[in-house]
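Structure record follows, encoded as structure tokens.
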Amino acid sequence: MFQQKIALHKLKTAAVLNRSSGNVTAAAEATMIEILAAAGVTLVELHVVEGGGIEAALDRVAAAGVEALIVLGGDGTIRTAAEKCSASGMHFIALPGGTMNMLPRALYGERTWQQALHDTVAAPHAAQIGCGEVEGNRFFCGAIFGTPAHWVEAREALRRHSLFEALERGAQAWRRTFSRRVRYDFGAGATGAATAVAVLCPLISRIMPSDAPALEAAALDPKDLGDAFSLALSGLFTDWRRDGNVTTVATRDLKIAARRPIPALLDGEMVWLPPAAEIRFVPEAFQALVPEGSPVLASRHEEAV
């Protein structure tokens, strides 16, 4: 069940915009201030940064005792900010300014960042968000562990309009995708090996409400190049249960292992893990501020009913 409305205008609120993200334009700052002013919200701090400046800006905001944080940026920026809110207790409004926008889509549906901000500040509700964690890295939507993660490198090269690099990265990913497997232990006797292990947080799982106390884990074996590419780039893993051979369970923790370091996508961002790693569920990662009609509230309301 969702919580009572939050009086955002009474909270010490700050905003961080990452201009390096693909969809954050020069007009974003003025537009954000206008939307907030119409709702009676005044920012105590506003940081417009590029590239590596995001960490320093988030540190300054947290040190200032901010109670609510608005961030406009891509998936990497949003995940970094969510981790900061998790550590500091700030309420979080995560606005879509990138390519995949995984966490914003889960919280606000297909709204533009302007509409998501407008609707949220008009009637903000707080929702406790759980997440997954592996080797000290948190993910708030989903993760892929295994060689299909390499395809994201080709995606990033295409985003930079570097066709030659994209072809080279694609060729490397193709050679790796079916050559190495990941061993998994989901608990309760669910063990084996697969091309990839995918883990969904309850926020985007289709079989659990968004406040469920567990992760959804699946062992996946893409049939061909197209399946592997789709797995790495789709983000929300919508086609799992169409394949009767997929092993999927709800679990609070699981283990993975391989002969070499394991490539992984955490909310669409590439990281490398050691050859053995444990993934666990974190029940209270951060407080998201969402509007009426948010997918998060709908999921919890349906479960309560």
Side-chain angles (χ1 to χ4, degrees), residues 75-76 78-88 102-103 106 128-153 176-222 228 231-232 234-237 240-241 245-286:
D75 288 296
I78 294 297
R79 187 166 69 87
T80 299
E83 289 181 323
K84 184 65 66 176
C85 289
S86 182
S88 65
M102 295 182 69
L103 182 56
Q128 188 73 55
I129 305 299
C131 74
E133 183 176 86
V134 57
E135 296 296 315
N137 301 295
R138 291 190 170 185
F139 56 95
F140 303 90
C141 292
I144 299 172
F145 305 96
T147 51
H150 286 294
W151 284 101
V152 79
E153 298 171 330
R176 293 167 172 167
T177 294
F178 302 101
S179 63
R180 304 172 190 170
R181 294 172 70 77
V182 176
R183 300 187 301 278
Y184 62 87
D185 182 351
F186 294 163
T191 62
T195 302
V197 170
V199 179
L200 291 183
C201 297
L203 188 61
I204 66 168
S205 170
R206 293 194 167 196
I207 64 171
M208 299 187 294
S210 61
D211 55 352
L215 300 166
E216 180 186 356
L220 304 175
D221 282 302
L231 173 62
S234 65
L236 299 182
F237 325 115
W240 284 6
R241 292 163 205 90
N245 296 320
V246 171
T247 300
T248 178
V249 300
T251 179
R252 292 184 66 88
D253 56 77
L254 59 140
K255 297 177 181 179
I256 56 173
R259 294 182 178 178
R260 301 181 181 181
I262 302 170
L265 290 181
L266 307 183
D267 290 345
E269 295 295 310
M270 183 81 167
V271 301
W272 282 91
L273 302 174
E278 183 171 347
I279 300 103
R280 70 182 185 94
F281 176 65
V282 180
E284 297 182 355
F286 70 91

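Numbering starts at 1 and runs along the sequence shown. For the numbers below, each heavy atom of this structure counts, side chains included, while hydrogens, waters and symmetry mates do not.
Between Ala250 and Met208, the closest heavy-atom pair is CB-SD, 4.1 Å. The minimum heavy-atom distance between Tyr184 and Val197, with the atom names listed, is CB-CG2, 3.8 Å. Contact record, Ala212 with Pro202: O-CG, 3.5 Å, taken as the closest heavy-atom pair. Across all their heavy atoms, Glu269 and Gly76 have their closest contact at OE2-N, 3.4 Å. Pairing each heavy atom of Ala264 with each of Leu273, the nearest pair is CB-CD1, 4.0 Å. A pairwise comparison of heavy atoms in Leu200 and Ser205 identifies CD1-CA, 4.1 Å as the closest pair.
Proximity of a side-chain donor or acceptor of Asp211 to a complementary backbone N or O of Ile129 within less than 3.5 Å is not detected.
Within the 4.5 Å cutoff, the side chain of Met102 has no heavy atoms near those of the Phe140 side chain. Contact annotation: the side chain of Leu103 approaches that of Leu203 to within less than 4.5 Å [non-hydrogen atoms, C-beta and beyond]. A heavy-atom distance below 4.5 Å is not found between the side chains of Cys131 and Phe286.
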*Go through the steps to decide whether Cys201 and Leu215 satisfy the test side-chain contact (heavy atoms from CB on, under 4.5 Å), and finish with yes or no.*
CA-CA 5 Å; Cys201 297; Leu215 300 166; 4.2 Å; yes
*Under the side-chain contact (heavy atoms from CB on, under 4.5 Å) criterion, do Val199 and Glu216 qualify, and how do the steps go?*
CA-CA 6 Å; Val199 179; Glu216 180 186 356; over 6 Å; no
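For Phe139, there are no ring-ring contact (aromatic ring centres under 6.0 Å, His included) partners at least two apart in sequence or on another chain. The side-chain contact (heavy atoms from CB on, under 4.5 Å) test applied to Pro274 returns Glu135, not counting sequence neighbours. Taking the side-chain contact (heavy atoms from CB on, under 4.5 Å) definition, one finds that Ala87 meets it with nothing, sequence neighbours left out. Here Glu133 pairs with Arg138, Arg280 under the salt bridge (charged side-chain N to carboxylate O under 4.0 Å, His left out) rule; sequence neighbours left out.
How far CD1 of Ile144 is from OG1 of Thr195: 12.0 Å, rounded to the nearest 0.5 Å. Taking CZ of Phe186 as the reference point, atom OG1 of Thr191 lies at 9.5 Å (rounded to 0.5 Å). Taking CG from Leu266 and CD1 from Ile279, the interatomic distance works out to 9.5 Å, rounded to the nearest 0.5 Å.
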Donor-acceptor pairs under 3.5 angstrom involving side-chain atoms of residues 252-259: please list them, not counting sequence neighbours.
| unit_1 | atom_1 | unit_2 | atom_2 | d |
| --- | --- | --- | --- | --- |
| Arg252 | NH1 | Pro213 | O | 2.8 |

